[in-house]
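Computation of the quantities below employed the complete heavy-atom set of this structure, encompassing side-chain atoms and omitting hydrogens, waters and symmetry-equivalent molecules.
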Amino acid sequence: MVDLNLPLRPKRQKGLVDILVKFRWILVIFVCLPISFAMYFVLYLGDVWSEMKSYKRRQKEHNENVKKVVERLKERNPSKDGLVCTARKPWIAVGMRNVDYKRARHFEVDLSAFRNIIDIDKERMIAKVEPLVNMGQITRSTVPMNLSLAVVAELDDLTVGGLINGYGIEGSSHIYGLFSDTVVSLEIVLADGRVVRATKDNEYSDLFYAVPWSQGTIGFLVSAEIKLIPVKEYMKVTYKPAIGNLRDLAQAYADSFAPIDGNPEKIPDFVECMIYNPTDGVMMTGVYASKEEAKKKGNVINNQRWWFKTWFYQHAQEALKRGEFVEYIPTRDYYHRHTRSLYWEGKLILPFADQWWFRWAFGWLMPPKVSLLKATQGEAIRNYYHDMHVIQDMLVPLYKVGDALEFVHKEMEIYPIWMCPHRIFKLPVKTMIYPEPGFELHKRQGDTNFAQMFTDIGVYYAPGSVLRGEVYDGTQAVKNLEEFLIQNHGFQPQYAVSELTEKNFWRMFDGSLYEQCRNRYGAVGNFMSVYYKCKKGKKTLKEVQEAEQAIAEVAYVEEE
């Protein structure tokens, strides 16, 4: 929906890149989809083979691979070999941020073997996994046991390592926090080759709290123990439409999972919201349900993972016409409900992929691997997407969601918008992200004495002005978004394209514990700093050499 009060923008001059983007679906459908399907199948066979091995064999292979990492680090000559990084190709990462630093001089360490589930401990309710284990792989193993990670990020390809070192969220995060909050222990190889196990209460507790959001710039994560929870076979999902202005929708969203009276029985197991335009949204809440309950006469079961099914965000949108309705979705289908369509990004990649005929004929090939899309897009198209396309998440306090929605509408005019609540816990130390000081004194909706309720506002798609062929300054829009977050105690996940200066980066994040651990565990001069690793633009050899020569890096931290 177009806001008639918005000023008209001049039309943008189109060029060759616009034509390449418009017809990119030809390359995707004939190259990316078949290759992606083959890659998924090969990885699946590898996962099945890994599951057939005994726990002792998997643990033995893990120990041998850790030993190889240690030996590789000992081969490095710091004065000649450059900074340490993984040997993973730049295009493999799922995130959108620039990883051109790998084109400069660096010392590669191969971690590709670390993609196994080592153990599912039903007694301790712990999953011990390696960093390249992805969400699809682990739910395939745990859900048949009626177990699950406490937080399961929606897309199949997201890995444990990426979710711990970076950022991960799911509809259960209003209870359990972000993915990194569900971690019990971390096994890390430090720059000097030491292998340490960090927990929240052992001698490496500072390392345990510093690794999340560090982007692998303190040490190499080689395994993690993560909390498991009991689950049932189905998710009972309620779709509830909401109509009003953006602030009305924000309040309806908060009311859907954070009851004013604080009654825990009213808090659902899962929450998400989709805003389809400035006046219409659908609130979705889920509670686990048994197979016996789901199959009772009169209940509707939706096997959402079938390839021919209507894409989930479009299915949920039906509530705006039908009114509130309830259905039962198999638990694993629900966890990965956005995978096939990549939320709604799939429609930009393949404009007709959501049509019934394509879903029936070719839906089984979806989705294309994001890493393969990146590998085939070329620099010109990549720059186009950086300027004309938005993939950002805004983490803001729950009580500021209305302000944030109005900001996104004014600045980017992107719909649908995805929202998911999450707690940021009050910890014994101040980590890179942290709740507002004194939040517990205000007793705001959703907050407790031990955690402040935040919301992830997912902004993914082409801005309205781009869709209309108008001039759009993507760089300035991202800068405005980042300043909004800084001013409102919000955070920007580091997978996204960022325009932050180093000073503003440390205005958004707290660097005190991070820098303390970088110095204590020998990361300075060996691993690239998190700001430098995430910053936009190519990293030249000269820049890397200057970073190597720095004895310490000063973090800009705002005084309270």
Check: So do Val530 and Phe505 actually touch side chain to side chain, heavy atoms under 4.5 Å?
Finding: yes
Margin query: Would Arg340 and Phe312 count as a cation-pi pair here, with the cationic atom under 6.0 angstrom from the ring centre and within 45° of the axis?
Written below: no
Check: Under 30°, 30 to 60°, or over 60°: which ring-plane class applies to Trp364 and Phe37, parallel, tilted or perpendicular?
Finding: perpendicular
Checklist line | Partners passing salt bridge (Lys or Arg N to Asp or Glu O under 4.0 Å) against Asp18 (at least two apart in sequence or in another chain) | finding: Arg12
Notebook entry, point to check: Hey, mind stepping through Glu327 and Tyr239 against side-chain hydrogen bond (donor to acceptor under 3.5 Å, both in side chains) and telling me if it holds?
Noted result: CA-CA 9 Å; Glu327 65 182 14; Tyr239 304 82; 2.5 Å; yes
Item checked: Carboxylate-amine/guanidinium proximity below 4.0 Å for Arg76 and Asp81 -> no
Note to self: A side-chain contact here means heavy atoms from C-beta on lying under 4.5 Å apart; do Leu228 and Leu149 qualify?
What the structure shows: yes
Note to self: Is the positively charged end of Arg337 above the ring of Tyr334, judged by distance under 6.0 angstrom from the centroid and angle within 45° of the axis?
What the structure shows: yes
Notebook entry, point to check: Is there a ring-ring contact (aromatic ring centres under 6.0 Å, His included) between Tyr313 and Trp418 once you walk through the steps?
Noted result: CA-CA 10 Å; Tyr313 82 95; Trp418 182 74; over 10 Å; no
Check: Does any non-hydrogen side-chain atom of Asp110 lie less than 4.5 Å from one of Arg72?
Finding: no
Notebook entry, point to check: Hey, are the side chains of Leu348 and Tyr461 touching, using non-hydrogen atoms and a 4.5 Å cut-off?
Noted result: yes
Notebook entry, point to check: Do Phe114 and Leu221 come close enough that some side-chain heavy atom pair is under 4.5 Å?
Noted result: no
Notebook entry, point to check: Sub-3.5 Å donor-acceptor pair from the side chain of Glu411 to the main-chain atoms of Ala477, do we have one?
Noted result: no
